[in-house]
Amino acid sequence: ATLLLLLSTIQLAFAVAVPQTSDTPSQSDVENLLLLPAANSRYQALTGRGTYTYKCVLLPGNRTAWQGTEAKATLFRLETSRRVGSYFANLVANTHTFKYTADDSVALGRQIRTNVRYSGVTNLPWGLIDISEVWPTGNTNKFFDTKASYVIRAFTIGGRINPLTQCTQLKHVGRVKDQRFSAQYWFYRKN
């Protein structure tokens, strides 16, 4: 078990590129899968590595289940692995915040769509995040631009929790568990 944990940690630490296989979807396949609105162009691709936090909650009928509460990741350039920003999501409120370190610009949005076609049972679903606010506006914002419109999360590795892991009884309610994940984040702006 320790060896498997070590191997999965190493896999997540170096998951910067998409494995190229015959069934790896293209950029347009991903955009179509998540129904990215027309007239948007990708201008940046980053890799995020971090944790997805779950809490064991009580459901009606005295049942228990894991609920995602937040996600945190460090963002890196795909081509150089240089750290460039951070990502935080309050999953209960469905707010997703991206911060670019160089100019302190921030983009805020809400996830509007997910798809599990390529993610499998152990990886987070792929998602489309609608960017509603970008600040500061104007020339000081070099990364997000006032035209930033959407972010796609794709090619996820890890992040899903086994539903039977320590959240099967009432005594487990309130437990918190972090799952490591990595994903690609593609940033779009309106044409």
Note to self: If we count only N and O atoms by modelled type, under 3.5 Å, do the side chains of Asn191 and Ser41 hold a donor and an acceptor together?
What the structure shows: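 Distance-only check passes for Asn191 and Ser41.
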
Next item on the list: Determine, step by step, whether Arg110 and Ile131 satisfy the side chain to side chain contact (heavy atoms under 4.5 Å, CB included) criterion, reporting the C-alpha distance in whole Å, the side-chain angles of both residues, the deciding distance to 0.1 Å, and the verdict.
Entry: CA-CA 7 Å; Arg110 301 176 77 70; Ile131 299 298; over 6 Å; no

Drop me the distance from [X]'s [atom1] to [Y]'s [atom2], to the nearest 0.5 angstrom.
| X | Y | atom1 | atom2 | value |
| --- | --- | --- | --- | --- |
| Leu34 | Asn115 | CG | CG | 6.0 Å |
| Ser28 | Arg42 | OG | CZ | 11.0 Å |
| Leu36 | Gln27 | CG | CD | 9.0 Å |
| Thr156 | Leu124 | OG1 | CG | 5.5 Å |
| Glu70 | Lys55 | CD | NZ | 11.0 Å |
| Thr51 | Gln179 | OG1 | CD | 10.0 Å |

Checklist line | same_hphob_cluster(Val57, Trp66) at 4.5 Å side-chain heavy-atom cutoff | finding: no

Note to self: Are Ile152 and Val116 connected into the same hydrophobic cluster when the rule is that any two of I, L, V, M, F, W, Y join if their side-chain heavy atoms are below 4.5 Å apart?
What the structure shows: no

Next item on the list: Run the numbers on Trp186 and Gln184 for side-chain hydrogen bond (donor to acceptor under 3.5 Å, both in side chains), then give the verdict.
Entry: CA-CA 6 Å; Trp186 299 350; Gln184 286 192 15; 2.9 Å; yes

To check you understand the geometry: which heavy-atom pair defines the closest contact between [X] and [Y], and what is its length?
| X | Y | value |
| --- | --- | --- |
| Ala89 | His96 | CB-ND1, 3.4 Å |
| Val134 | Ala107 | CG2-CB, 4.3 Å |
| Leu33 | Arg117 | CD1-CD, 3.8 Å |
| Pro25 | Phe155 | O-CZ, 3.6 Å |

Is the closest side-chain heavy-atom distance between [X] and [Y] below 4.5 Å?
| X | Y | value |
| --- | --- | --- |
| Gln44 | Leu75 | no |
| Thr69 | Leu91 | no |
| Cys56 | Lys177 | no |

[X] (side chain) donor-acceptor with [Y] (main chain) under 3.5 angstrom:
| X | Y | value |
| --- | --- | --- |
| Asn94 | Gln111 | yes |
| Ser149 | Tyr188 | yes |
| Thr47 | Phe76 | no |
| Asn40 | Ala38 | yes |
| Arg113 | Trp126 | no |
| Thr64 | Cys167 | yes |
| Ser132 | Leu108 | yes |
| Arg77 | Arg82 | no |

Checklist line | Arg83 atom CZ, over 12 foreign heavy atoms within 6.0 Å | finding: yes

Margin query: Measuring centre to centre across the rings, with the benzene-like ring taken for any Trp, is Tyr52 within less than 6.0 Å of Tyr54?
Written below: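 So the answer is yes for these two rings.
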
Checklist line | Worked verdict on Val30 versus Tyr118 for side chain to side chain contact (heavy atoms under 4.5 Å, CB included) | finding: CA-CA 10 Å; Val30 174; Tyr118 294 102; over 6 Å; no

Checklist line | Among Phe88, Tyr87, Tyr150, ring pair (Phe, Tyr, Trp, His ring centres under 6.0 Å) partner for Phe98 | finding: Tyr87

Notebook entry, point to check: Going through the checks in order, is the side chain to side chain contact (heavy atoms under 4.5 Å, CB included) test met by Arg49 and Thr74?
Noted result: CA-CA 6 Å; Arg49 293 192 298 263; Thr74 301; 5.8 Å; no

Margin query: Which residues pass the salt bridge (Lys or Arg N to Asp or Glu O under 4.0 Å) test with Asp178, not counting sequence neighbours?
Written below: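 Applying salt bridge (Lys or Arg N to Asp or Glu O under 4.0 Å) to Asp178 gives none.
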
Item checked: Pair Asn62-Leu170, side chain to side chain contact (heavy atoms under 4.5 Å, CB included): steps then yes or no -> CA-CA 7 Å; Asn62 283 337; Leu170 291 177; 4.2 Å; yes

